[in-house]
S.K.: 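Following this message is one structure expressed as structure tokens.
Letters A, B, ... mirror the listed sequences (proteins, then strands); counts begin at 1. Everything quoted here is computed from the prediction, not taken from an experiment.
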Number of protein chains: 2
Amino acid sequence: MRTAGDVTLALAIDRTDPRPLPRQLADELRTAIGNGLVAAGEPVPATRALAQRLGVSRGTVVAAYDQLLAEGYLLGRVGHGTVVNPALRDVHPPSTARRHAEQPAPTRARVIDLRPGQPWTADVVNAGWRAAWRRAAEHPLAPIPAAGLPGLRSEIADHLRRMRGVRRAADHVLVTAGARDGLGLLLAMLGTGLIVGVEDPGYPSLRRVPPRLGSSVMPLPTDDSGLVCDDLPTGTNAPEVVVVTPSHQYPLGGSLPIARRQALLDWARREHVVIVEDDYDSELRYTSAPLPALAALDDPEDGCVVTLGTFAKTLGPGLGVGFLVAPERLVEDLRRTRTDLGQPVSQVAQWAMADYLASGELRRHTQRMRREYRRRRGLVLDALGGLDHVRVKAMDGGLHAVVESEIPESELITRIRDRGVVVAGLADYWSRPAKGAGGIVLGYGGVPIDDLRAGLEAIAEATHQGSGASSETPHGTHGERSG
Amino acid sequence: MRTAGDVTLALAIDRTDPRPLPRQLADELRTAIGNGLVAAGEPVPATRALAQRLGVSRGTVVAAYDQLLAEGYLLGRVGHGTVVNPALRDVHPPSTARRHAEQPAPTRARVIDLRPGQPWTADVVNAGWRAAWRRAAEHPLAPIPAAGLPGLRSEIADHLRRMRGVRRAADHVLVTAGARDGLGLLLAMLGTGLIVGVEDPGYPSLRRVPPRLGSSVMPLPTDDSGLVCDDLPTGTNAPEVVVVTPSHQYPLGGSLPIARRQALLDWARREHVVIVEDDYDSELRYTSAPLPALAALDDPEDGCVVTLGTFAKTLGPGLGVGFLVAPERLVEDLRRTRTDLGQPVSQVAQWAMADYLASGELRRHTQRMRREYRRRRGLVLDALGGLDHVRVKAMDGGLHAVVESEIPESELITRIRDRGVVVAGLADYWSRPAKGAGGIVLGYGGVPIDDLRAGLEAIAEATHQGSGASSETPHGTHGERSG
């Protein structure tokens with residue numbers, strides 16, 4: 001085993017900082033690695049020694065190291081000779097900074113990642129969260145229905161009634177590992193060789209599921225109100241399935257008007273199409289209550305809407321617990337499919353979420369997150385709202401913003417990247433060459449608020465030049481939502 | 001809200017009983033419901049009041065109620081008017097026992113479920129298990145690779161090296177939700193319309209995955225040593241994938257001899273077949289160390305073996321964490337497929353399992369389980385080993401036994417069921433009408449040891465008559481393994 005690394009490493013812990021200590025320490029270590037204070041391939045300090053020096057618990061150091069292990073900054077195992085990933089040598093060559101290890105590390109320009117898809121998860125871990133998992137770990141792993149823990153399915157049915165106006169029995173709810181798992185389950189039930197209609201532009205991740213399961217996608221046009229519903233393909237041209245985001249079109253943000261909802265349902269009934277309602281962030285609304293889910297207009301017995309939901313936007317995409325709600329006529333077959341393919345969600349996670357919902361913790365956490373995101377949304381509008389050459393699309397909810405731009409998209413993205421900020425390009429959301437205006441999509445949930453401020457400032461600066469200069473670098477980032 | 005149920009219900013808690021208190025209480029309540037002491041549709045006692053009367057913590061009562069909610073005996077939400085599932089009215093009509101509620105409930109003949117697939121999970125919840133989940137819940141849900149938490153993948157790579165002789169980098173490991181999820185991932189990568197060879201008889205659950213994903217299965221013959229490898233189909237008749245259980249053929253128990261392993265690998269290389277090694281219970285061996293995994297003989301770079309593993313047999317099928325190990329040539333494509341379909345395993349469960357493996361808890365728990373199952377295996381051999389008309393197949397490992405029988409299978413199953421015991425029929429494991437001897441498959445892991453004793457006694461009794469009487473009831477139970 002290697003000897004432990006230099007415990008006198010310059011790392012500062014600030015107890016007045018609102019970030020949890022493990023996160024602070026992980027951020028500090030990441031910076032230290034970036035600055036070459038700990039070189040690629042070198043061991044990091046022993047957890048016990050470092051904890052002692054910094055005056056924090058050993059658990060804090062272990063958690064910080066675990067985080068960096070997960071991110072790939074460190075390799076090995078906490079307590080067993082953890083080293084800085086040698087592969088980082090090319091990225092972060094050992095610098096002269098190492099010689100000045102005892103002096104505060106110079107603040108190196110970091111990359112601020114404003115790509116969409118990551119909510120603010122640092123505040124999830126609190127007493128209610130811990131209690132839910134603690135209690136969940138008390139249950140022996142007993143046989144439960146493949147559709148999921150009945151207790152969790154009841155809680156989800158309650159949640160849908162209160163939050164989304166959808167009144168369904170717990171029996172109509174299946175636990176999923178997320179939206180993609182739910183779509184995969186439905187497609188496995190329906191068979192292969194299907195045509196799946198998707199919104200264009202739309203969520204790139206869901207669009208990639210059908211081809212993986214032997215079906216193909218058919219892009220369908222959208223406008224500022226969401227899916228265009230008056231000219232949907234019929235007869236042999238109709239898709240078997242269509243995936244829509246009625247409450248908050250992704251990424252453009254429109255909410256499907258009631259007349260279109262009705263038209264969509266009529267069409268689906270006539271053409272025997274299953275509508276997949278991807279209800280991905282309806283709990284994050286700032287300006288007004290969202291319309292009830294599309295499923296609320298559907299027939300609970302003989303209907304055609306399957307609603308997919310997750311807790312990815314409020315708790316984090318890594319939670320791996322979501323749900324699918326289906327009308328009676330489809331439920332039995334979905335359950336059989338799930339029985340054959342297996343329920344992927346750990347029973348412990350199901351108990352924990354049932355507890356977290358039943359105790360009201362999810363509701364309280366969602367309220368806190370709504371306040372946090374409303375504030376962040378305010379920063380985005382303040383920073384980018386009055387600029388020339390770009391237009392921020394109305395954002396009623398969610399945690400990303402679309403900024404349409406007169407400046408060519410790849411040009412704008414390059415300029416922003418030159419200022420140390422990464423965003424997604426609107427073109428990534430189209431399944432064919434974009435027909436609408438170019439622009440950028442930025443996520444305002446995933447970074448600390450100061451990074452968001454700095455990032456917005458950089459974006460604003462990048463727009464000042466107008467569409468003058470040219471760019472040779474094509475944009476290559478992927479616009480992602482979570483779930 | 002309803003008023004709470006009768007707190008004076010006759011329920012006895014015995015602190016000398018080795019069962020954990022919540023389990024004891026759940027068992028008592030289940031019996032009380034079965035006896036009609038609490039009628040279908042009626043509320044159960046308030047948790048606080050019942051806890052007080054029984055002198056247990058409220059958490060114990062909540063856990064017992066949760067368990068029964070999960071099982072469908074109760075409906076509603078703990079603390080919010082939980083009632084006995086009204087659907088049980090037909091199953092358990094309110095009986096006169098209710099009038100004698102203050103007297104001890106008569107012990108009603110229960111069904112003893114010896115169908116295979118359920119390990120002994122009551123002892124999983126201990127200090128090490130709790131600590132793993134407690135620490136796991138401290139990690140905010142951060143973005144991690146779709147292949148799974150690097151820390152968990154390293155632990156699994158270590159585990160495979162020590163336990164299965166398979167030396168692979170953590171990079172070659174993908175986290176799955178279980179064996180079926182792993183097979184589904186591989187098939188999604190390979191495409192649809194494939195032929196998947198399966199052992200006959202074999203594990204019915206894995207056999208049901210390919211048809212759900214647009215492929216079909218081809219039964220392949222087995223004998224007492226596992227898959228017959230000298231006459232495998234070639235050329236255009238060869239399947240694209242073959243699923244095998246080399247270390248412990250399921251359900252017959254044979255271990256694939258080294259010469260067959262080599263022949264299988266040669267054939268797969270020649271015919272470009274991907275071998276899926278379903279390594280479902282190699283850690284549970286009683287008589288000798290298992291042979292290394294088939295993957296240990298394969299080329300780590302350019303090989304053809306994909307190994308699926310889970311912790312279902314040691315911790316319980318509801319854990320929902322498993323793994324897939326693939327040779328270098330397939331890894332990148334598997335990772336991309338997982339990225340498109342999403343990683344279904346909750347990050348919290350991944351942190352918990354990484355911790356549980358790293359701390360040595362899994363190893364210690366597996367040792368305890370091996371002792372427990374060895375003892376249970378001894379009971380099976382003692383009870384059924386010397387009987388006329390039946391023959392217990394050699395059991396080197398696992399937690400099920402196959403009992404071949406001269407008595408027609410459906411006849412024997414009916415006789416056993418008439419004695420209050422449920423087992424699986426061997427015919428369920430064949431994908432076409434069975435060619436071998438009939439018999440039963442019984443799981444000895446899932447029930448308390450006294451139930452196992454009583455069940456074995458009933459089975460022995462059922463065989464005494466020989467193959468005299470006839471039966472009209474066809475067997476219909478499904479033989480299931482877990483995972």
Side-chain angles (χ1 to χ4, degrees), chain A residues 22-23 59 63 66-67 69-72 77 118 121-122 124-125 129-130 133-144 149-151 154-155 177-178 180-181 184 188 191-192 205 208-209 212-214 315-321 337 340-349 351-352 358, chain B residues 22-23 59 63 66-67 69-72 76-78 118 121-122 124-125 129-130 133-134 136-144 149-151 154 177-178 180-181 184 188 191-192 205 208-209 212-214 315-321 337 340-349 351-352 358:
Chain A
R23 196 187 160 103
D66 276 344
Q67 176 65 35
L69 282 163
E71 294 172 3
R77 232 161 67 196
Q118 184 57 25
T121 59
V124 170
V125 179
W129 175 258
R130 289 187 186 100
W133 286 96
R134 192 175 60 239
R135 288 191 288 252
E138 291 297 322
H139 295 282
L141 299 165
I144 64 166
L149 199 68
S154 305
E155 288 299 334
R180 282 176 287 174
D181 176 53
T192 53
S205 281
R208 286 196 283 263
V209 171
R212 284 293 183 186
L213 299 175
L315 296 172
L319 176 67
V321 183
T337 309
D340 285 355
L341 293 178
Q343 170 54 263
V345 183
S346 176
Q347 217 177 95
V348 184
W351 285 112
Chain B
R23 195 186 161 105
D66 276 344
Q67 177 64 35
L69 283 163
E71 293 172 3
R77 232 161 65 192
V78 173
Q118 184 57 25
T121 59
V124 170
V125 178
W129 176 258
R130 288 186 185 101
W133 287 96
R134 190 175 62 238
E138 291 296 323
H139 294 282
L141 301 164
I144 64 165
L149 200 65
S154 303
R180 283 176 286 174
D181 177 51
T192 55
S205 281
R208 286 197 283 264
V209 171
R212 285 293 184 187
L213 299 175
L315 297 172
L319 176 67
V321 183
T337 309
D340 285 355
L341 294 177
Q343 169 56 260
V345 183
S346 176
Q347 216 177 97
V348 184
W351 286 111

S.K.: Among B/Gly342, B/Gly214, B/Ala349, who wins on heavy-atom pairs under 4.5 Å with chain A?
M.R.: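 Ranked by contacts with chain A, first place is B/Gly342.
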
S.K.: Report the distance from atom CG of B/Asp181 to atom CD of A/Gln343, rounding to the nearest 0.5 Å.
M.R.: 11.0 Å

S.K.: Taking side chain as everything from C-beta outward and backbone as N, CA, C, O, which of these in B/Ala122 sits under 4.5 Å from a heavy atom of chain A? Side chain, backbone, both or neither.
M.R.: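 Looking at B/Ala122, just its backbone touches chain A.
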
S.K.: Pick from B/Gly184, B/Gly191, B/Pro140, B/Ala352: which one has the most heavy-atom pairs with chain A under 4.5 Å?
M.R.: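 It is B/Pro140.
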
S.K.: Report the residues that fulfil salt bridge (Lys or Arg N to Asp or Glu O under 4.0 Å) with B/Arg23, sequence neighbours left out, ordered by chain and then residue number.
M.R.: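 Result, salt bridge (Lys or Arg N to Asp or Glu O under 4.0 Å) vs B/Arg23: none returned.
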
S.K.: Heavy atoms only, distances under 4.5 angstrom: which of A/Ala63, A/Ala136, A/Ala137, A/Pro22 has the most pairs with chain B? Name it, please.
M.R.: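 That would be A/Ala137.
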
S.K.: Do side-chain atoms of A/Thr121 reach the backbone of B/Leu141 as a donor and acceptor pair under 3.5 angstrom?
M.R.: yes

S.K.: If you compare all heavy atoms of A/Ala142 against all heavy atoms of B/Gln118, which two are closest, and at what distance to 0.1 Å?
M.R.: CA-NE2, 4.4 Å

S.K.: Looking only at heavy atoms and a cut-off of under 4.5 Å, which of A/His139, A/Arg212, A/Gln347 has the most pairs with chain B?
M.R.: A/Arg212

S.K.: Under the salt bridge (Lys or Arg N to Asp or Glu O under 4.0 Å) test, which residues partner B/Arg130, sequence neighbours left out?
M.R.: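 Once residues adjacent in sequence are excluded, the partners of B/Arg130 under the salt bridge (Lys or Arg N to Asp or Glu O under 4.0 Å) criterion are A/Glu138.
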
S.K.: Between A/Thr192, A/Leu341, A/Val345, which has the largest tally of heavy atom pairs under 4.5 Å with chain B?
M.R.: A/Leu341

